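First listed ligand is number 1; within each ligand, the first listed atom is number 1. Just so you know, these numbers use all the heavy atoms, side chains as well, and skip hydrogens, waters and symmetry mates. This one's a predicted model, so the numbers in the text were calculated from it and none came from an experiment.
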Amino acid sequence: MPLVSMRQLLDEAAAGGYGVGAFNVNNMEQIQAVMDAASDTRSPVIIQASRGARSYTNDRFLIHLMWAATEVYPEVPVALHLDHGNEPDTCFSAIEQGFTSVMMDGSLLADGKTPSDFEYNVRVTRQVVERAHAAGVTVEGELGTLGGIEDGHGSGEVHLTDPDQAVEFVERTGIDALAVAIGTSHGAYKFTKPPDGEVLAMNLIEEIHSKLPDTHLVMHGSSSVPKELVDEINRYGGEIAPTWGVPVEEIQLGIRHGVRKINVDTDARLAMTGAIRKVFAGDKGEFDPRKYLAPARDAMKAVYVERMTQFGQAGHAGDYEPLTLEELRERYAAAV
Ligand code: G3H
Ligand code: 13P
Ligand code: ZN
């Protein structure tokens, strides 16, 4: 199966009432773990690469790994998505490289840190939509800003998404999917206690979905930061301070109200780190990377299998025939 369009994956998820995990990757083991989990659970899936991942892998390695993934796992519908494109050129280069979906995050200026104004966001996002749709490529935009700056991305200022502004944003940009800010943040340190309605504004999702029933909503910063994964790291010499993530039940509530794409990176990072620390703690003389990368891959796969099951995408891989980007291009052209 070739790489498929994210638009189609999300349309199908909306029709089926489930969510699709979008998992960040930076290396072969992560891609293998996601694909293996998707194959075992018969899940359609989104693999996403940040700007950092693209420079770490040099796009060419990443794209070839993705092609290998589609060859080895022909039964898995998979979209390749650019996470947090900081300016139109970043999105355009991803499209040229073969990504089937891009995020233009115009909620921040091109430095990826300074909150932008609404008109700037509309302008850069619309620019990307025009070029992307002409190539059959899906576009995700973002309105509002997440908290947190620990991964070097974000302003640290939280601006929750305004539902009325979201309607105007979608109308003026023509995006396929909208990332909403509802109080989550990237990284492991999201909340200092289990989040309640005061810090996690799930009601906003409901309101935005009722105003924009045909726009796929995206939750960023959606790692759950399971205590077992943090404990495993700390058991073997790590020092992760007590922290809470987004409870899976809240994500499931979001899925019932229009969330179709759920971004998860941190949980896999935690799983990988714990597994590697365990090997190192057990055999201090170990120096064959395969001996710690294989358990790391297994640990990540277990996280992906769990999330694919919880988000509801499991079992839906064979539901539909993937459209080509050319078919998507024609569909976008007909809709204008
Ligand atoms: O945007 C946040 C993702 O977790 C990607 O993080 O920029 O460190 O690759 P990164
Ligand atoms: P987490 O840090 O919660 O995994 O969020 C990842 C994300 O939103 C990537 O865009
Ligand atoms: Zn994000």
Side-chain angles (χ1 to χ4, degrees), residues 6 19-27 30-31 33-34 45-59 62 79-87 90-91 94 99 101-108 110-113 115 139-156 158-159 161 177-191 195 199-200 217-226 229-230 240 243-248 250-251 254 259-273 300 303-304 306-308 310-311:
M6 189 169 93
V20 181
F23 303 108
N24 288 74
V25 299
N26 294 271
N27 57 39
Q30 280 180 308
I31 294 178
V34 172
V45 72
I46 300 161
I47 284 184
Q48 60 188 8
S50 66
R51 265 196 306 154
R54 288 176 68 194
S55 66
Y56 179 75
T57 55
N58 174 328
D59 276 353
L62 184 79
L80 178 57
H81 174 75
L82 167 70
D83 191 25
H84 293 286
N86 64 317
E87 58 187 343
T90 308
C91 298
F99 284 62
S101 177
V102 292
M103 175 183 191
M104 176 62 237
D105 182 358
S107 71
L108 301 170
D111 64 5
K113 294 186 192 325
V139 181
E140 172 184 340
E142 175 165 328
L143 189 62
T145 55
L146 308 188
I149 47 168
E150 76 179 68
D151 56 5
H153 184 94
S155 63
V158 184
H159 298 280
T161 308
L178 175 69
V180 290
I182 53 158
T184 67
S185 56
H186 291 126
Y189 299 103
K190 299 185 195 302
F191 308 114
V199 287
L200 202 52
L217 302 183
V218 183
M219 271 178 74
H220 282 247
S222 293
S223 277
S224 301
V225 193
L229 295 182
V230 171
I240 307 267
T243 177
W244 277 265
V246 183
V248 168
E250 298 293 338
I251 297 171
V259 169
R260 297 295 157 230
K261 174 173 180 277
I262 305 107
N263 284 17
V264 174
D265 185 359
T266 296
D267 284 351
R269 293 182 180 194
L270 293 171
M272 177 177 221
T273 302
M300 288 188 287
V303 169
Y304 299 137
E306 199 178 12
R307 295 292 173 273
M308 287 171 186
Q310 292 161 331
F311 298 162

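- Ring orientation note: the planes of Phe311 and Phe23 are close to parallel, at an angle under 30° on the 30°/60° scale.
- For ligand 1, the polar-atom distance check finds an N/O of Asp265 within less than 3.5 Å of one of the ligand's N/O atoms.
- Neither the backbone nor the side chain of Asn263 has any atom closer than 4.0 Å to an atom of ligand 1 (non-hydrogen atoms only).
- Residue contacts with ligand 2 for Ala188 are absent, since no atom lies close enough (heavy atoms, distance under 4.0 Å).
- Counting the atoms of ligand 1 from 1 in the order shown, those under 4.0 Å from a heavy atom of Asp83 are 1 (O), 3 (C).
- The distance criterion of under 3.5 Å between nitrogen or oxygen atoms is met by Arg269 with respect to ligand 1.
- Only the side chain of Asn24 comes within 4.0 Å of ligand 2, judged by heavy-atom distances.
- Of the listed residues (Asp267, Asp265, Val225), the one carrying the non-hydrogen atom nearest atom 4 (O) of ligand 2 is Asp265.
- Against a heavy-atom cut-off of under 4.0 Å, His220 is close to the following atoms of ligand 2: 8 (O), 10 (O).
- At a heavy-atom distance under 4.0 Å, no atom of Arg54 approaches ligand 1.
- Applying the 4.0 Å criterion to heavy atoms of His84 picks out, from ligand 2, the atoms 10 (O).
- Close approach of ligand 2 to Gly221 (heavy-atom distance below 4.0 Å) involves ligand atoms 1 (P), 3 (O), 5 (O), 7 (C), 8 (O).
- If you number the atoms of ligand 2 from 1 as listed, the ones under 4.0 Å from a heavy atom of Lys190 come out as 1 (P), 2 (O), 3 (O).
- Within the 4.0 Å heavy-atom shell around ligand 2 one does not find Met219.
- Between Val264 and ligand 2, no N or O atom pair is found at a separation short of 3.5 Å.
- If you number the atoms of ligand 1 from 1 as listed, the ones under 4.0 Å from a heavy atom of His84 come out as 1 (O).
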